[in-house]
Amino acid sequence: MPNQSDASVQLLPLSQAETSWRRSIRLLATDMDGTLTQAGRLDSSLINALEILVSRGIQVLLVTGRSAGWVSGLKTYLPLAGAIAENGGIYYHGGQEDTGRLLTPIANRAAHRDKLRAIFRLLQQEFPYLVESSDNAFRLTDWTFENRHIKPQELDRMRVLCHREGWGFTYSSIQCHIKPLAQEKGAAVLQVAKELYGELSAEQIVTVGDSPNDESLFCSNAFPHSVGVANILHYTGAMACYPAYVTAAAEGAGFCELSDWLLEY
């Protein structure tokens, strides 16, 4: 992992972005915590922005690291086309009762959970202070623990240990995730977008995030139009892929800034 203090990464402010592409956007795929939330809450300005986007023909797809159980309830309360949980592990269609569909094949769920638990115990041998997240009981595809003051070099070591055992590892501002290697937000968005919209091109999608578990949403070869809310700058130097643009405002206010910018025509 590169040094987080690396100042060599320069992100283009959204206010300076080329405007020609925004008319073509039909799908906005966005992270949740730290991207839609403001100080941990969904406020009225965010709900209003989502409603306006949908009314103007831009569907919103939630793409979060939160658990399947958490997302299956939340998606019924927001104007969403759908929601992807567990960093690409499971998809729920929006606006209706839905038990979800696994995007990561799992032959035996009980055995899968046992293997994830074993990798967590392995990490605890080197990092005994790690605390399991309370939402693991509601997860299907990954395993989480709290990201409490973990140093960058320790996160890098955890990634190495997980990869050595054949597992993926990522983290956000709130949780660390042990997951199947190929399970990524970006791959899940492309799969769901193709199934939902068929002919939708990459030029018609904008992706939004705020932390390293959103990195696959920032890969320019898959998503030419990606945006980080301002708190992504906390991770400058910590990722291989960065958003094409960054908002002036952080968290949910940054998302609302993007929403307003997309509709300025």
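All heavy atoms count here, side chains included; hydrogens, waters and symmetry mates do not.
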task = Report the C-alpha separation of Glu184 and Lys179 in whole Å, then their side-chain angles, then the decisive distance to 0.1 Å, and conclude whether the salt bridge (Lys or Arg N to Asp or Glu O under 4.0 Å) test is met.
result = CA-CA 9 Å; Glu184 300 283 357; Lys179 61 185 183 64; 3.4 Å; yes
ask   = CG/Leu130 to SG/Cys176 distance, rounded to the nearest 0.5 angstrom?
value = 7.5 Å
inquiry  = Which heavy atom of Cys256 sits nearest to which heavy atom of Ser45, and what is that distance?
reply    = SG-O, 3.6 Å
ask   = Are Val246 and Ile25 connected in the hydrophobic side-chain network, where two residues link if heavy atoms are under 4.5 Å apart?
value = no
ask   = Between Thr170 (side chain) and His177 (backbone), is there a donor-acceptor pair under 3.5 Å?
value = no
query = Is it true that atom OH of Tyr197 has more than 12 heavy atoms of other residues, nucleotides or ligands lying nearer than 6.0 Å?
reply = yes
Phe138 reachable from Trp143 in the ILVMFWY side-chain graph, under 4.5 Å edges = no
ask   = Is any side-chain heavy atom of Leu122 less than 4.5 Å from a side-chain heavy atom of Phe127?
value = no
task = Could you tell me the separation between the CG atom of Asp33 and the CD atom of Glu251, rounded to the nearest 0.5 Å?
result = 9.5 Å
message = To the nearest 0.5 Å, what is the distance between CD1 on Ile178 and CZ on Arg117?
response = 11.5 Å
task = Sort and list the pairs that fulfil side-chain hydrogen bond (donor to acceptor under 3.5 Å, both in side chains) and have at least one residue in residues 210-221, not counting sequence neighbours.
result = Thr35-Asp210, Asn87-Asn213, Lys185-Asp214, Asp210-Asn231, Ser211-Asn213
inquiry  = Quick check against the 3.5 Å criterion: does Gln183 have a side-chain atom that pairs as donor or acceptor with the backbone of Thr104?
reply    = no
Under 3.5 Å: donor-acceptor pair, side chain of Gln59, backbone of Leu27 = no
ask   = Ignoring hydrogens and geometry, is there a side-chain-to-backbone donor-acceptor pair from Arg113 to Asp142 under 3.5 Å?
value = yes
task = Verify, without hydrogens or angle tests, whether Glu18 (side chain) and Ser20 (backbone) share a donor-acceptor contact under 3.5 angstrom.
result = yes
query = Do Val192 and Leu103 have side chains that get closer than 4.5 Å, going by heavy atoms?
reply = yes
key: For the student: nearest non-hydrogen atoms of Pro243 and Leu11, plus distance   = O-CD2, 3.7 Å
message = Would you compute the distance between atom NE2 of His225 and atom OG of Ser24 and round it to the nearest 0.5 angstrom?
response = 5.0 Å
inquiry  = Between Leu258 and Val229, does the side chain to side chain contact (heavy atoms under 4.5 Å, CB included) criterion hold? Intermediate values first, please.
reply    = CA-CA 9 Å; Leu258 168 61; Val229 292; over 6 Å; no
message = Which heavy atom of Tyr242 sits nearest to which heavy atom of Gly237, and what is that distance?
response = OH-N, 2.6 Å
key: Reported CD-to-CZ distance for the pair Gln191 and Arg101, which is rounded to 0.5 angstrom   = 6.0 Å
message = Between Arg22 (side chain only) and Trp261 (backbone N and O only), is there a donor and an acceptor less than 3.5 Å apart?
response = yes
task = Would you indicate whether the side-chain heavy atoms of Ile205 and Leu200 approach each other to under 4.5 Å?
result = yes
Minimum heavy-atom distance between Asp31 and Gly209, given as atom pair plus value = CB-CA, 3.9 Å
task = Report yes if some heavy atom in the side chain of Phe223 is under 4.5 Å from a heavy atom in the side chain of Val189; otherwise report no.
result = yes
Linked, directly or transitively: Leu263 and Ile47 (ILVMFWY side chains, under 4.5 Å) = yes
Whether Thr247 side chain and Glu257 backbone form a donor-acceptor pair below 3.5 Å = no
ask   = Taking Tyr171 as the fixed residue, which of Thr144, Ile150, Asn147 is the one that meets the side-chain contact (heavy atoms from CB on, under 4.5 Å) rule?
value = Asn147
message = Any non-hydrogen side-chain atom of Leu62 less than 4.5 Å from a side-chain atom of Ile84?
response = no
inquiry  = Using side-chain heavy atoms (C-beta onward) and a distance below 4.5 Å, is Ser226 in contact with Val208?
reply    = no
request  = Give the C-alpha distance, both sets of side-chain angles, the deciding distance and a yes or no for side chain to side chain contact (heavy atoms under 4.5 Å, CB included) between Ile232 and Phe218.
outcome  = CA-CA 11 Å; Ile232 192 69; Phe218 302 145; 3.8 Å; yes
message = Show every ring pair (Phe, Tyr, Trp, His ring centres under 6.0 Å) that has at least one partner inside residues 86-118, sequence neighbours left out.
response = His112-Trp167
inquiry  = Just so I know, are the side chains of His163 and Val160 near enough to count as touching, which here means a heavy-atom distance under 4.5 Å?
reply    = no
inquiry  = Leu50 and side-chain contact (heavy atoms from CB on, under 4.5 Å): which single residue from Leu46, Ile52, Asn48 fits?
reply    = Leu46
query = Do other residues, nucleotides or ligands put more than 12 heavy atoms under 6.0 Å from Arg121 CZ?
reply = yes
key: Centroid-centroid distance, Phe120 to Phe145, less than 6.0 Å   = yes
key: Side-chain donor-acceptor contact under 3.5 Å, Glu154 with Tyr129   = yes
request  = Output, in order, the C-alpha distance, side-chain angles, deciding distance and verdict of side chain to side chain contact (heavy atoms under 4.5 Å, CB included) for Phe255 and Asp260.
outcome  = CA-CA 9 Å; Phe255 180 88; Asp260 290 342; over 6 Å; no
ask   = Side chains of Glu203 and Ser201: donor-acceptor distance under 3.5 Å anywhere?
value = no
query = Do the side chains of Leu61 and Ile58 join up, straight or via other hydrophobic residues, at under 4.5 Å, putting them in one cluster?
reply = no
Joint hydrophobic cluster, Val63 plus Leu53, side-chain heavy atoms closer than 4.5 Å = no
ask   = How long is the span from the CD1 atom in Ile119 to the CE atom in Met158, to the nearest 0.5 Å?
value = 13.5 Å
remark   = Residues Ala68 and Ile90: closest non-hydrogen pair is CB-CG2, 3.9 Å
task = Mind running side chain to side chain contact (heavy atoms under 4.5 Å, CB included) on Met32 and Leu42 for me, showing each step along the way?
result = CA-CA 9 Å; Met32 179 79 183; Leu42 299 175; 3.5 Å; yes
request  = Measure from the side-chain N and O atoms of Ser67 to the backbone N and O of Trp70, and report whether any donor-acceptor pair falls under 3.5 Å.
outcome  = yes
inquiry  = Hydrogens and angles aside, do Glu86 and Thr141 bring a side-chain donor and acceptor to less than 3.5 Å of each other?
reply    = yes
ask   = Does Ser172 reach the main-chain N or O of Ile174 with its side chain, forming a donor-acceptor pair under 3.5 Å?
value = yes
Backbone N/O of Arg66 and side chain of Thr64: donor-acceptor pair under 3.5 Å = yes
query = Which heavy-atom pair separates Ala83 from Val71 by the least distance, and what is that distance?
reply = CB-CG1, 3.5 Å
